[in-house]
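Taking it in order: structure first as structure tokens, then the write-up.
These numbers come from a predicted model, not from an experiment. Below, read A as the first sequence line, B as the second, and so on, with proteins coming before strands; counting in each chain starts at 1.
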There are 2 protein chains.
Amino acid sequence: MEKKNSGTVGVKEIARLANVSIGTVDRVLNNRVGVSEKTKAKILKIIEELNYQPNIFARRLASKKKLRFATLIPQTSSETKYWEAPLNGIQQAANEIKDFGIEVIPFFFDQNDKATFKEGASKISAGEFDGVLMAPMFEDESIAFIEECNDKKIPLVFINSDIPGHNNLCYIGPNLYQSGYLSAHIVNYLSPANKKTLIVNISKEIDLHHHLLRKEEGFRNYFEQNGSTNELTKIDIQQTGYAHIQEKLAKQLAKEKYDVVFVTNSRVSTVAKYFEENKINDIKLIGYDFLEDNINYLKNKTIDFLICQKPQEQGYRGLMSLYYHLVLHANIEKEQFMPIDIITKENYQYYSN
Amino acid sequence: MEKKNSGTVGVKEIARLANVSIGTVDRVLNNRVGVSEKTKAKILKIIEELNYQPNIFARRLASKKKLRFATLIPQTSSETKYWEAPLNGIQQAANEIKDFGIEVIPFFFDQNDKATFKEGASKISAGEFDGVLMAPMFEDESIAFIEECNDKKIPLVFINSDIPGHNNLCYIGPNLYQSGYLSAHIVNYLSPANKKTLIVNISKEIDLHHHLLRKEEGFRNYFEQNGSTNELTKIDIQQTGYAHIQEKLAKQLAKEKYDVVFVTNSRVSTVAKYFEENKINDIKLIGYDFLEDNINYLKNKTIDFLICQKPQEQGYRGLMSLYYHLVLHANIEKEQFMPIDIITKENYQYYSN
DNA sequence: ACTAATTTCGTGTACGTTACCGTTAACCAA
DNA sequence: TTGGTTAACGGTAACGTACACGAAATTAGT
């Protein structure tokens with residue numbers, strides 16, 4: 001804004017103005033040792049006045065610095081392909097920043113096996129990384145690893161779920177409570193006025209439950225706060241096999257007549273399968289995530305709404321945040337909540353994960 | 001993928017292998033004149049074999065090439081601030097690519113005055129630009145300008161609305177038909193089963209009407225195709241002042257009792273104002289765009305749903321497409337439809353325009 | 001065959017930084 | 001004084017590419 005020629009001031013000019021060599025300027029720029037406080041101050045002042053911006057191209061060309069990032073997320077299982085999306089985002093980001101001397105090495109764990117998480121974490125610890133992106137699914141195991149990273153001053157970003165209060169670079173993911181709240185808001189628009197809603201939690205690992213509970217909390221609170229007469233029932237299904245889910249659903253649906261079923265995670269397609277097989281089409285079905293199975297049931301109207309929170313962008317922005325922090329020294333928003341997207345039969349075609 | 005040391009092969013290595021100097025290699029790389037077919041073929045072959053990727057940093061550092069892009073979009077009026085968002089996107093992109101030697105100069109026109117559009121277009125023609133981004137609102141005037149650009153081989157990208165069949169780089173914006181279709185889909189979920197819906201078109205310039213008509217078409221077709229019993233009425237309001245809109249609405253709403261009002265553009269806030277003043281709260285209201293006024297009416301529940309199509313990203317991606325095309329020689333998707341986002345009281349907080 | 005015109009190619013410098021190596025000078029101990 | 005140590009700084013070769021200039025080689029013209 002100051003001067004039009006601000007693009008052309010470099011170390012050489014700074015050195016000239018400060019009556020030192022460019023070597024000295026370089027030292028204060030990269031705050032290395034070997035320069036007296038006096039000249040350092042003088043140079044800093046000139047840099048300030050000139051609003052010097054280092055030329056990133058020259059920098060990259062001359063620098064041989066390399067950074068290594070590690071990622072630790074669940075592997076995509078046959079059960080759910082949700083984690084494909086964050087991985088895609090990670091790979092996209094990795095590709096964009098590899099020219100800047102950054103190497104990204106992914107590690108995976110099994111959502112149903114804490115041991116594999118610990119294993120991955122210790123590999124990363126041993127691997128001398130400069131930054132880590134992780135999905136902190138298991139609370140206790142995560143905290144141990146987090147503290148280790150804190151000790152080593154390795155910046156850490158969380159995606160998909162948060163462990164609040166633990167010092168790290170940032171969290172990128174959904175606001176779970178609000179996303180449940182939104183689902184309730186949509187349910188509220190669905191006919192009729194006094195309806196019965198069934199909440200379905202499907203999850204094997206008990207640790208992952210707090211994740212679902214926050215959504216459920218938001219969902220319930222909506223109706224309380226808006227004085228609705230909606231009647232809520234909930235069932236927990238702790239086995240993810242279809243036979244078991246089928247049995248549980250059949251039992252529950254025999255008991256009562258529901259207007260809406262709200263599935264708190266991406267397993268909604270399993271419920272949709274049950275609906276389809278049993279020709280249930282008078283119950284509205286709402287669930288989570290832009291997965292192929294889910295989209296198919298959206299197409300044939302078995303599922304009415306999907307809520308989605310840009311899993312791919314979570315991976316992408318997670319890595320980019322590390323990059324911005326470590327390379328550009330930008331400061332990073334501590335909590336980056338993803339949009340809560342509503343997907344239906346008529347807009348899924350254009351959705352970008 | 002081939003070799004691990006693929007990062008270290010440059011013109012020098014190519015020159016060595018081809019028994020020529022780096023000058024010659026440089027000539028074929030930038031396909032300049034002055035190299036015989038024979039040696040050119042030899043060098044090209046080596047480049048192919050080595051899968052040579054030029055170092056973008058060294059390239060930018062050494063090059064003093066500059067590109068100039070022009071943008072031509074409506075100015076933000078007091079009537080609607082819609083175009084603030086694309087402009088923001090443009091500025092963001094401009095900022096990101098300015099280090100790559102690209103200068104972006106914005107031009108504006110008045111949506112209600114074709115003359116200003118022509119004026120802007122001729123300024124751009126005179127300005128020797130290398131790429132143009134525009135909102136082709138006025139069809140005839142746009143086509144004249146488009147042909148001029150085609151003659152000069154200047155790539156052109158359209159945002160927000162398209163003029164199909166005219167040769168240009170790409171279109172980035174909504175699929176209007178589908179976005180009307182989606183609105184109808186939402187309306188269909190709203191109680192009760194047999195409802196009366198009022199479609200409201202508010203627009204001064206008759207030229208912009210085809211824009212709105214496509215949405216209306218999608219909206220109507222939904223009900224036809226889904227065999228719904230929804231009863232549709234439509235009014236056109238060609239003055240944008242509140243008094244006039246008020247009068248038209250009052251007259252129409254007195255005639256009949258409607259369940260839903262669908263406003264085909266961002267002027268939905270004006271209708272909301274009328275609803276609020278007249279304490280109408282039993283009619284669902286749906287409209288377009290993430291604007292402050294609209295959001296306020298969303299908050300207080302006067303507006304039920306807003307449809308939004310990432311106007312900021314349209315500007316951003318528009319400029320980036322020019323950049324990718326001209327600098328990186330990437331090939332660009334001809335039609336880039338934006339997501340059709342559904343915004344309600346409970347998810348607007350996290351929406352990113 | 002000789003010169004002129006033209007095509008084809010090589011060399012050198014510049015771009016702004018980084019990082020290493022060398023130089024100075026200042027200080028202290030012997 | 002001398003020698004040695006070290007903090008403070010200068011100088012400069014890279015990094016890979018662009019481009020101008022001029023040399024060399026080829027072709028054309030007589």
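Take the nearest nucleotide of DNA chain C for B/Arg27 and for A/Arg32: the residue whose nucleotide is more 5' is B/Arg27.
Interface remark: the A/Arg60 side chain does not form any donor-acceptor pair with the C/dG16 base, using a distance-only criterion of under 3.5 Å.
Near DNA chain D, meaning a heavy atom under 4.0 Å away, the residues from residues 16-24 of chain A are A/Asn19, A/Val20, A/Ser21, A/Ile22, A/Gly23, A/Thr24. Looking at residues 33-45 of chain B, you'll see that no heavy atom sits under 4.0 Å from any atom of DNA chain D.
Here B/Phe129 and B/Phe69 keep their ring centres 6.0 angstrom or further from each other. Between B/Phe117 and B/Phe145, the distance from one ring center to the other does not fall under 6.0 angstrom. Taking the six-membered ring for Trp, B/Phe158 and B/Tyr171 have ring centres at least 6.0 Å apart.
In the model, B/Thr39 has a side-chain atom that pairs as donor or acceptor with a side-chain atom of B/Ser36 under 3.5 Å. Using modelled atom types and a 3.5 Å distance limit, the side chains of A/Tyr323 and A/Glu96 yield no donor-acceptor pair. Looking at A/Asn88 and A/Tyr316, their side chains never bring a donor and an acceptor atom within 3.5 Å of each other. A donor-acceptor contact under 3.5 angstrom links the side chains of B/Glu148 and B/Ser125, judged on distance only.
Remark: the backbone N or O of B/Arg68 is paired with a side-chain donor or acceptor of B/Asp130 at under 3.5 angstrom.
A rotation axis mapping the C1' atoms of four pairs onto the next four is fitted at both ends of the helix from C/dA1-D/dT30 to C/dA30-D/dT1 over five pairs, and the angle between these axes is 50° to 10 degrees.
Counting heavy atoms of neighbouring residues, nucleotides and ligands inside a 6.0 Å radius, atom CD of A/Glu333 does not exceed 12 of them.
The side chain of A/Ser63 lies closest to C/dT18 when the candidates are C/dT17, D/dT17, C/dT18. Considering only side-chain atoms of A/Leu61, the nucleotide from D/dC15, C/dT17, D/dT17 that sits closest is D/dC15.
Within 4.0 Å of A/Asn55, counting heavy atoms only, lie sugar-phosphate atoms of the nucleic acid but no base atom. Counting non-hydrogen atoms under 4.0 angstrom, B/Lys64 reaches nothing in the nucleic acid.
Atom CG in A/Asp26 sits about 15 Å away from atom P in C/dC21, given to the nearest Å.
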